[in-house]
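What follows is one structure encoded as structure tokens, with my remarks underneath.
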There are 2 protein chains.
Amino acid sequence: MYRYPVTSRILLAIDCIIFGFDGKDIKLLLVKRNLEPEMGKWSLMGGFLREDEDLEVGAGRIIYDLTGLKNIYVEQLETFGKVNRDPAERTVSVVFFALIQIEEHDSEAVKNHNASWISLDQRPGLIFDHNEMVSRAIEHLRYKAALHPIGFELLPELFTIPQLQKLYEAIYNTPLDRRNFSRKLLSTGLLIDTGFKNNNSTTKKATLYKLDTIRYKEKFHAFWNFMPDSMKPVKI
Amino acid sequence: MYRYPVTSRILLAIDCIIFGFDGKDIKLLLVKRNLEPEMGKWSLMGGFLREDEDLEVGAGRIIYDLTGLKNIYVEQLETFGKVNRDPAERTVSVVFFALIQIEEHDSEAVKNHNASWISLDQRPGLIFDHNEMVSRAIEHLRYKAALHPIGFELLPELFTIPQLQKLYEAIYNTPLDRRNFSRKLLSTGLLIDTGFKNNNSTTKKATLYKLDTIRYKEKFHAFWNFMPDSMKPVKI
DNA sequence: CCAAAAGTGTTCGTTGTACACCCATGT
DNA sequence: ACATGGGTGTACAACGAACACTTTTGG
């Protein structure tokens with residue numbers, strides 16, 4: 001087979017930023033690295049791209065390996081390629097961004113990888129440029145969740161509006177007006193009233209909704225306005 | 001030096017999508033490929049990542065090589081890595097997205113690379129997965145230009161509001177209301193009246209504005225609303 | 001003086017925001 | 001009955017969309 005007359009073939013890594021929501025905080029799935037260099041230190045879950053595998057397939061494999069989940073929300077985020085980002089040898093890393101329903105993960109698999117769910121504000125320092133990757137991912141989450149209905153990917157199949165609100169409050173780290181939030185979300189036409197009521201509550205039981213997946217897929221790329229303007233990345 | 005016990009090191013390419021605006025149409029800078037395979041066919045401008053170079057530096061080098069321009073608007077777009085995307089050997093390509101002021105480019109350099117500025121609707125079929133890359137880039141241009149003031153990157157230093165409108169009409173391939181457009185753009189606070197008037201016109205001369213670069217940098221990441229809602233990617 | 005392009009103004013409906021009030025539940 | 005949290009309503013300001021009129025310029 002013809003090969004390009006170029007000498008520098010390099011290692012391609014995949015790193016995955018996996019977000020979850022426990023009802024209170026946004027959490028990151030982090031692992032204690034099991035290879036040198038930096039063995040035992042906290043890092044993102046990652047791996048090397050295989051010869052016979054597409055990038056997204058590689059990301060899916062790595063995420064499945066750690067969480068036991070398939071068919072979740074995964075997006076390519078950005079590729080990090082600074083010359084010395086990995087002290088062992090030159091490695092370019094394609095970073096993926098994933099949102100999962102935290103209840104669904106396989107806790108055995110997570111334990112076997114020495115992984116933990118860690119709140120954003122309690123996250124430890126990470127190896128290499130992984131801190132930068134996480135910063136970018138948080139920025140992306142805030143950006144995208146303001147315009148597109150990705151928040152639902154972090155909630156269980158049935159959820160209440162107050163739960164949804166707590167999620168957005170966690171993402172933007174700010175309180176929201178209950179009444180305006182509720183009206184805005186209901187007006188999206190994405191929520192289907194299941195008729196059931198939540199019974200976790202000690203007081204009035206909230207209505208359980210599910211996502212209208214048809215409309216969700218149809219209108220995903222529309223521009224919504226899930227955040228008050230004052231919360232957008234920069235006030236105008 | 002320690003190396004990872006992994007066999008598959010692969011070739012990393014950089015491909016650049018370079019947009020310009022000639023006052024009428026959005027144009028792409030495309031080249032006739034000068035190496036095998038697919039020599040002589042139309043493709044994006046690209047190259048291989050060097051051992052000692054960061055990704056963005058590589059992209060800057062390739063764009064400079066073709067256009068003679070530095071310090072232009074460049075963004076990493078997406079990384080393409082399908083196993084068989086390049087028939088010669090496995091190559092993963094990091095795609096960059098660039099906007100330039102078309103008048104400023106070095107036409108000698110462009111000629112030497114067998115490159116041409118080609119209108120979007122007249123673009124030829126491209127090699128490999130480059131058509132897909134271009135589609136993604138157009139989508140990204142439309143998305144981003146609706147929310148952030150990147151349009152200015154395609155205009156000369158001094159420009160008129162009608163010119164700006166023609167640019168947005170070209171990006172979205174749709175007519176816009178002159179009066180609403182003008183008011184909206186003036187209200188951004190990004191335009192500085194230079195006091196000069198355009199003299200290309202055969203009728204009334206339009207005011208020449210320049211970009212308020214201070215405010216531009218400060219507020220770049222804010223969410224604007226440069227397009228009528230009806231033009232957003234999907235109508236709600 | 002007329003056509004063509006640039007600039008300014010007005011009206012109206014929709015949306016966002018800041019509020020107040022009522023309802024259901026467990027103690 | 002009351003505290004806690006869930007659900008609905010209203011009033012006002014801000015913004016976007018549609019549309020009319022005036023001004024400048026070259027022929």
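Being a predicted model, the structure only gives us computed values, none of them experimental. In the text below, chain A, chain B and the rest are named by the order of the sequence lines, each starting its count at 1.
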Problem set entry | Short side-chain N/O contact to dA18(D) OP1/OP2 from N180(B), under 4.0 Å | no
Exercise. In terms of the angle between their ring planes, are F128(B) and H130(B) parallel, tilted or perpendicular, with boundaries placed at 30° and 60°?
Worked result: perpendicular
Problem set entry | Contact nearer the 5' end of DNA chain D, comparing R178(B) with I161(A) | I161(A)
For this session: Could you label the plane-to-plane angle of the F220(B) and H148(B) rings as parallel, tilted or perpendicular, counting under 30° as parallel and over 60° as perpendicular?
Result: parallel
Exercise. In whole angstroms, how far is the P atom of dA14(D) from the CG atom of N225(A)?
Worked result: 17 Å
Seminar exercise, completed: Between CD of Q163(B) and C1' of dA5(C) the distance, given in whole Å, is 14 Å
Problem set entry | Pairing residues for S182(A) by the side-chain contact (heavy atoms from CB on, under 4.5 Å) criterion, not counting sequence neighbours | I161(A), L186(A)
Exercise. CZ of F181(B) versus C1' of dG7(C): gap in Å, rounded?
Worked result: 15 Å
Problem set entry | Plane angle bin for F97(B) and Y73(B) - parallel if under 30°, tilted between 30 and 60°, otherwise perpendicular | perpendicular
For this session: Measure the distance from CG on L164(A) to C1' on dG6(D) and round it to the nearest whole Å.
Result: 14 Å
Problem set entry | Heavy-atom side-chain proximity of L30(B) to P124(B) below 4.5 angstrom | yes
Quick test: give all pairs of protein nitrogen or oxygen and nucleotides 22-25 of chain D nitrogen or oxygen below 3.5 Å, distance rounded to 0.1 Å.
{"unit_1": "dT23(D)", "atom_1": "O2", "unit_2": "K204(B)", "atom_2": "NZ", "d": "3.2"}

Exercise. What is the distance, rounded to the nearest whole Å, between atom CE of M227(A) and atom P of dG16(C)?
Worked result: 13 Å
Exercise. Whole-Å distance between dG6(D) P and L186(A) CG?
Worked result: 14 Å
Exercise. Under 4.0 Å between a side-chain N or O of T160(A) and OP1 or OP2 of dG6(D)?
Worked result: no
Exercise. Can you list the residues that meet the salt bridge (Lys or Arg N to Asp or Glu O under 4.0 Å) rule with D22(A), with sequence neighbours excluded?
Worked result: K27(A)
Problem set entry | Interatomic distance, D177(A) CG vs dG6(D) P [rounded to whole Å] | 13 Å
Problem set entry | Side-chain donor/acceptor contact of R179(B) with base of dA20(D) under 3.5 Å | yes
Problem set entry | Min side-chain heavy-atom separation I18(A)-L44(A) under 4.5 Å | no
Seminar exercise, completed: Side-chain contact check for K184(A): nearest option of dT17(C), dA6(C), dC19(C) is dT17(C)
Exercise. Rounding to a whole Å, what distance do you find between L176(A):CG and dG16(C):P?
Worked result: 14 Å
For this session: Indicate whether OP1 or OP2 belonging to dA6(C) is found under 4.0 Å from a side-chain N or O atom of S182(B).
Result: no
